[in-house]
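Shown next, in structure tokens, is the structure this report addresses.
Atoms within a ligand are numbered from 1 in the order they appear, just like the ligands themselves. Hydrogens, waters and symmetry mates play no part in the numbers below; they use all other heavy atoms, side chains included.
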Amino acid sequence: MTIAVRAAGVNPADVKRREGAFGTSGALPQAMGPEAAGVVTALGEGVTRFALGDAVLGGPARGRGAFAGHTVLRASDAALLPEGVPFEVAATLPVAGTTSFDLVHHLDLAPGASVLVLGAGGGVGHLVLQIAAARGLSAVGVASASKRTLIEGTGARFVPSGASAPAAARALLPTGADLLIDLVGGEPLRALAPLAASPDSLVSAADEAAASALGGSGRRRRDDALAGIVALVASGQVTPQIVDTYPLARATEAIARVEAGHLGGKIVILP
Ligand SMILES: NC(=O)c1ccc[n+]([C@@H]2O[C@H](COP(=O)([O-])OP(=O)(O)OC[C@H]3O[C@@H](n4cnc5c(N)ncnc54)[C@H](OP(=O)(O)O)[C@@H]3O)[C@@H](O)[C@H]2O)c1
């Protein structure tokens with residue numbers, strides 16, 4: 001179905017796509033923007049779950065992008081926007097939201113279990129902490145010092161990132177973390193990995209190769225992730241943090257903000 005885009009989330013994936021990290025064989029120019037929210041303007045054959053004029057969110061179909069006036073969503077990858085959820089909030093859910101949901105549910109943890117999050121103050125990490133809180137999990141977030149208030153505002157305990165992070169996390173989690181969620185990868189992940197209660201309790205959205213080498217794995221996609229995160233946002237249990245918005249004409253600046261990193265939430269483009 002075609003939508004008139006009302007808001008589009010910006011992700012590190014946009015930077016990676018531009019750098020060729022997802023392959024360089026496709027024809028150029030390539031559409032960018034993996035997260036969209038908007039209003040249905042045309043329906044494909046056989047689409048019955050949605051109607052013209054519905055407010056929806058989802059990830060654009062292969063070859064399409066959300067940084068546009070209109071885009072195309074696969075109906076099977078879309079959801080209705082619940083009343084009261086603004087378009088710019090909805091536009092943070094198809095990628096960052098579903099990733100967070102998948103990661104927190106990587107293991108079937110009981111309330112009270114511990115979750116250690118590396119990169120806890122970013123677009124995905126901040127949602128991870130809120131979902132963990134909604135599930136009654138005990139979260140510890142590793143982030144730069146300036147993000148202490150942001151992390152603690154979710155109910156999580158805070159550990160400053162850097163060389164002291166593994167020891168500081170160990171002091172809070174003497175028997176290790178039931179689930180270690182990584183959003184950074186590389187050396188910071190390798191340094192923190194011994195905190196995972198067992199190797200398979202490590203999952204990474206940022207560095208699947210490193211996670212696998214350590215006995216863990218990459219993100220496992222769940223069919224219920226989009227509906228799950230939409231329900232958590234609609235009920236007010238999860239509130240995506242929007243750091244800034246940009247008009248479509250300034251999309252390059254929006255992407256540059258994400259590329260510079262260290263944001264405390266999401267950047268959204270409003271066409
Ligand atoms: N596999 C998937 O489907 C999928 C989906 C979504 C995202 N991802 C990936 O997941 C990662 C996180 O995405 P995001 O949207 O949350 O990105 P983001 O908003 O840029 O957040 C990344 C966080 O990493 C932290 N960080 C950067 N360098 C660090 C270091 N050396 N030590 C400790 N922390 C460091 C930053 O925290 P501070 O500011 O506190 O330093 C930042 O908050 C990205 O690699 C992204 O591509 C994968």
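- Salt-bridge check for R18 with E259: passed, with a basic side-chain N closer than 4.0 Å to an acidic carboxylate O.
- In this structure, R221 does not pair ionically with D102, as no charged nitrogen and carboxylate oxygen lie closer than 4.0 Å.
- When all heavy atoms of S201 and A177 are compared, the closest pair comes out as OG-O, 4.0 Å.
- Ligand 1 lies under 4.0 Å from heavy atoms of P12, K16, V95, T99, G121, G122, G123, V124, A143, S144, K147, S161, L183, V184, P188, A205, A206, R219, R221, H262, L263.
- The minimum heavy-atom distance linking V230 with L80 is given by the pair CG1-O, 4.2 Å.
- Annotation for A132 and A139: closest pair CB-CB, 4.2 Å, computed over non-hydrogen atoms.
- For the side-chain contact (heavy atoms from CB on, under 4.5 Å) criterion with V115, the lone passing option out of D178, L109, I131, V104 is L109.
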